[in-house]
Undergrad: 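The structure is given below, and queries will be raised subsequently.
Throughout, a chain's letter reflects where its sequence line sits, starting with A, and its residues are numbered from 1.
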Amino acid sequence: MRANGMVPDIWTYNTIVRGLCDEGKVKEAISLRDEMESLRVMPDEVTYNTLIDGSFQWRGSAEAFELVEEMKKMGVKLNAVTHNIMVKWYCKEGKMDEAGCAMAKMVESGFSPDCFTYNTMINGYCKAGNLKEAFKMMDEMGRKGLKADTFTLNSIVHALCEEKLLKEAYALTVNAAKRGYILDEVTYGTLIMGYFKNDQTNKAMKLWDEMKEKGIIPSVATYNTIIRGLCHSLKTDQAVDKFNELLDKGFAPDEATSNIIIHGYCLEGAAEKAFLFYNRMVENSFKPDVITCNILLRGLCKAGMLDKAFSLFNTWIIKGKPVDAVTYNTLISVLCKEGKLDEAFDLMTEMEGKKLGPDQYTYTAIIGGLTHAGRTEEAEKFMEKLLETSPNVISEDTSQILGSGDMEYSEQINNLCTQRKYKEAMKLFQESEQKGISLNKSAYFKLMDGLLKRRKSISKVA
DNA sequence: GTAGGGTTAG
């Protein structure tokens with residue numbers, strides 16, 4: 001277009017900015033913004049929001065907030081989407097207090113939180129294991145006239161699966177479907193993953209069939225879920241069947257698909273098969289990344305082929321391909337197990353030089369090696385370092401304690417919910433709040449289930 | 001015809 005003397009309009013530019021950001025080429029996207037300005041196609045809120053989200057993902061929050069400031073300076077008004085992006089990234093970083101502040105700031109700026117905001121917050125609280133706040137958000141959402149939807153449902157299903165409450169998760173989806181909620185491939189994928197993680201392979205496969213019978217076409221991400229599940233159940237050959245099915249349907253597997261299968265063979269101790277598949281994929285334009293490298297290294301170490309592991313590591317470095325903390329920790333662990341502590345220390349120095357660590361995994365490996373060699377005093381020194389870096393490794397899990405909650409209130413609320421006396425359950429919840437009493441997780445789940453039931457009409461799910 | 005929420009490899 002430019003060569004033919006045409007000036008792309010704002011829509012065209014924004015589309016390309018989005019494409020670049022998706023690929024992680026945020027710098028190029030930002031320089032495109034300069035080009036836009038020089039051509040007097042002024043970047044708008046869509047351009048900035050795209051760049052801000054991309055910066056959060058690929059360049060870190062400092063750069064992202066700089067763009068927010070720039071946006072203000074350029075006279076482009078922040079909108080609800082801008083705020084939702086900021087809320088989302090606080091949630092992704094697990095900073096739920098700050099996410100709450102961002103939401104409050106959104107209100108101050110004159111925007112009411114919408115379904116995106118609430119679903120983001122609900123998911124964030126679920127991921128943080130704070131079911132009480134997740135439930136409170138859901139309640140608030142309902143009181144503002146916003147309807148829970150498939151996104152809300154999927155967050156709760158995921159949280160239930162994480163708690164190993166699979167029966168409850170399944171029952172929730174069945175009841176939700178009866179009430180008019182749309183179950184989609186993510187709902188199924190989440191349940192399937194939950195069953196696989198709890199070694200209920202048959203149920204997982206049954207749900208896969210059920211999903212397909214319903215005419216839901218799984219995307220690559222959902223194919224990855226079933227392939228991953230089969231691999232973790234040491235059924236990599238079956239996983240490859242699904243992989244071939246994916247190819248037959250004309251889908252292109254992504255980077256993850258190949259890594260999962262390579263990992264599957266490594267888990268089975270079949271390093272040769274892993275390399276055969278690796279080679280097959282490389283010939284088909286698969287670009288191995290640092291995760292591929294780490295998987296292969298672990299596989300080779302597991303199979304006792306240390307020489308091969310180190311030669312792979314060296315070739316990788318010579319080729320200038322990136323390595324990370326996991327790469328080093330993988331090798332350091334195996335060296336410690338083999339009693340080759342000097343070499344392990346050398347690698348630790350090397351990773352320190354590259355500012356990749358050491359982290360808690362490095363220290364744990366070193367402590368194990370030293371203890372095994374009877375070098376207790378040195379081990380204790382590293383123990384101190386470990387506690388400095390991550391005090392939570394050994395201390396008690398406070399969320400567990402908080403999560404245990406008050407039995408009496410929890411049970412009463414559980415019972416009321418089972419009897420569908422949600423109003424009374426809510427009253428009791430408010431009473432417990434006033435007394436500063438926390439409930440157990442199952443009580444919060446029951447209350448959330450109640451909120452899903454409260455929903456009267458069905459909103460279209462995109 | 002452009003931006004924001006749920007599943008997602010070591």
Undergrad: Of the candidate nucleotides B:dG10, B:dG1, B:dG6, which contains the atom at the shortest distance from the side chain of A:T12?
TA: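 Ranking B:dG10, B:dG1, B:dG6 by closest atom to the A:T12 side chain puts B:dG1 first.
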Undergrad: Should the pair A:E70-A:R33 be classified as a salt bridge under the 4.0 Å nitrogen-to-oxygen rule?
TA: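 Yes.
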Undergrad: Let me see the working for A:F277 and A:F243 under ring pair (Phe, Tyr, Trp, His ring centres under 6.0 Å), right down to the final yes or no.
TA: CA-CA 12 Å; A:F277 191 82; A:F243 176 81; 5.4 Å; yes
Undergrad: Taking the minimum atom-to-atom distance to the side chain of A:T15, which one of B:dA3, B:dT2, B:dG10 wins?
TA: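 Comparing B:dA3, B:dT2, B:dG10 against the side chain of A:T15, the answer is B:dT2.
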Undergrad: Just how far, in rounded Å, is P of B:dG10 from CD of A:E255?
TA: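 One finds 15 Å between P of B:dG10 and CD of A:E255, rounded.
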Undergrad: Write down the distance between CZ (A:R18) and C1' (B:dA3), rounded to a whole number of angstrom.
TA: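 Rounded to whole Å, this separation is 7 Å.
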Undergrad: Quick one: which of B:dA3, B:dT7, B:dG1 gets closest to the side chain of A:V186?
TA: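 Of the options given, the side chain of A:V186 lies nearest B:dT7.
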Undergrad: For B:dG1, is there a stacking contact with A:W11, counting only centres under 5.5 Å and planes under 30°?
TA: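 Stacking between A:W11 and B:dG1: present.
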Undergrad: Over all strands shown, is A:C21 touching base, sugar-phosphate only, or nothing at heavy-atom distances under 4.0 angstrom?
TA: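 The answer is nothing, as A:C21 stays clear of every strand by at least 4.0 Å.
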Undergrad: Determine the contact category for A:I260: base if any of its heavy atoms lies under 4.0 Å from a base atom, sugar-phosphate if only primed atoms, P, OP1 or OP2 are that close, otherwise nothing.
TA: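 If one applies the 4.0 Å heavy-atom cut-off, A:I260 turns out to touch the sugar-phosphate alone, with no base involved.
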Undergrad: Could you check whether A:N123 gets within reach of a base, just the sugar-phosphate, or nothing at all, counting any heavy atom under 4.0 Å?
TA: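 The residue A:N123 makes sugar-phosphate contact but no base contact.
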Undergrad: Just to be sure I understand the rule, does A:E185 reach a base, reach only the sugar-phosphate, or reach nothing, if contact means heavy atoms closer than 4.0 Å?
TA: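 Counting heavy atoms under 4.0 Å across all strands, no contact is made by A:E185.
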Undergrad: Rounded to the nearest 0.5 Å, what separation is found between the CD atom of A:E108 and the SG atom of A:C101?
TA: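 Output value for this atom pair is 9.5 Å.
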Undergrad: Taking A:N49 as the fixed residue, which of A:V68, A:V76, A:L67, A:T82 is the one that meets the side chain to side chain contact (heavy atoms under 4.5 Å, CB included) rule?
TA: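 Of the listed options, the one satisfying the test is A:T82.
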Undergrad: Atom CD1 of A:I192 to atom C1' of B:dG6: distance rounded to whole Å?
TA: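 Going from A:I192 (CD1) to B:dG6 (C1'), I get 15 Å.
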Undergrad: Distance check needed: B:dG6 C1' versus A:M193 CE, whole Å only.
TA: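 Nearest whole value for this atom pair: 11 Å.
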Undergrad: A:H263 has a side chain; which of B:dT7, B:dA9, B:dT2 sits nearest to it?
TA: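 Output: B:dA9.
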Undergrad: In whole Å, I'd like the distance from the CE atom of A:M36 to the C1' atom of B:dT2.
TA: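 It works out to 10 Å between those atoms.
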Undergrad: Choose from B:dG1, B:dT2, B:dA3 the nucleotide whose nearest atom is closest to any side-chain atom of A:T50.
TA: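 Of the options given, the side chain of A:T50 lies nearest B:dA3.
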Undergrad: Determine the contact category for A:D114: base if any of its heavy atoms lies under 4.0 Å from a base atom, sugar-phosphate if only primed atoms, P, OP1 or OP2 are that close, otherwise nothing.
TA: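 Counting heavy atoms under 4.0 Å across all strands, the contact made by A:D114 includes a base.
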Undergrad: Quick check: any donor-acceptor pair below 3.5 Å linking the side-chain of A:N259 to the base of B:dG10?
TA: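 Checked by distance alone, the answer is no.
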Undergrad: State which of B:dG10, B:dA3, B:dG6 makes the closest approach to the side chain of A:V46.
TA: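 So the nucleotide nearest the side chain must be B:dA3.
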Undergrad: When you get a sec, tell me which of B:dA3, B:dG10, B:dT8 is the closest nucleotide to the side chain of A:R228?
TA: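 Output: B:dT8.
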Undergrad: Tell me what A:D22 touches on the nucleic acid: a base, only sugar-phosphate, or nothing, going by heavy atoms under 4.0 Å.
TA: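 Counting heavy atoms under 4.0 Å across all strands, no contact is made by A:D22.
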Undergrad: Quick one: which of B:dG6, B:dT7, B:dT2 gets closest to the side chain of A:D44?
TA: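 Among B:dG6, B:dT7, B:dT2, the one nearest the side chain of A:D44 is B:dT2.
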Undergrad: What about A:D149, does its side chain sit under 3.5 Å from the base of B:dG6 through a donor-acceptor pair?
TA: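 Side chain to base: no pair below 3.5 Å.
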Undergrad: Ignoring the backbone of A:N14, work out which of B:dT2, B:dT8, B:dT7 is nearest its side chain.
TA: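 Looking only at heavy atoms from C-beta outward on A:N14, the closest nucleotide is B:dT2.
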Undergrad: If you check the A:T222 side chain, which of B:dT7, B:dG6, B:dG1 turns out closest?
TA: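 The listed nucleotide nearest to A:T222's side chain is B:dT7.
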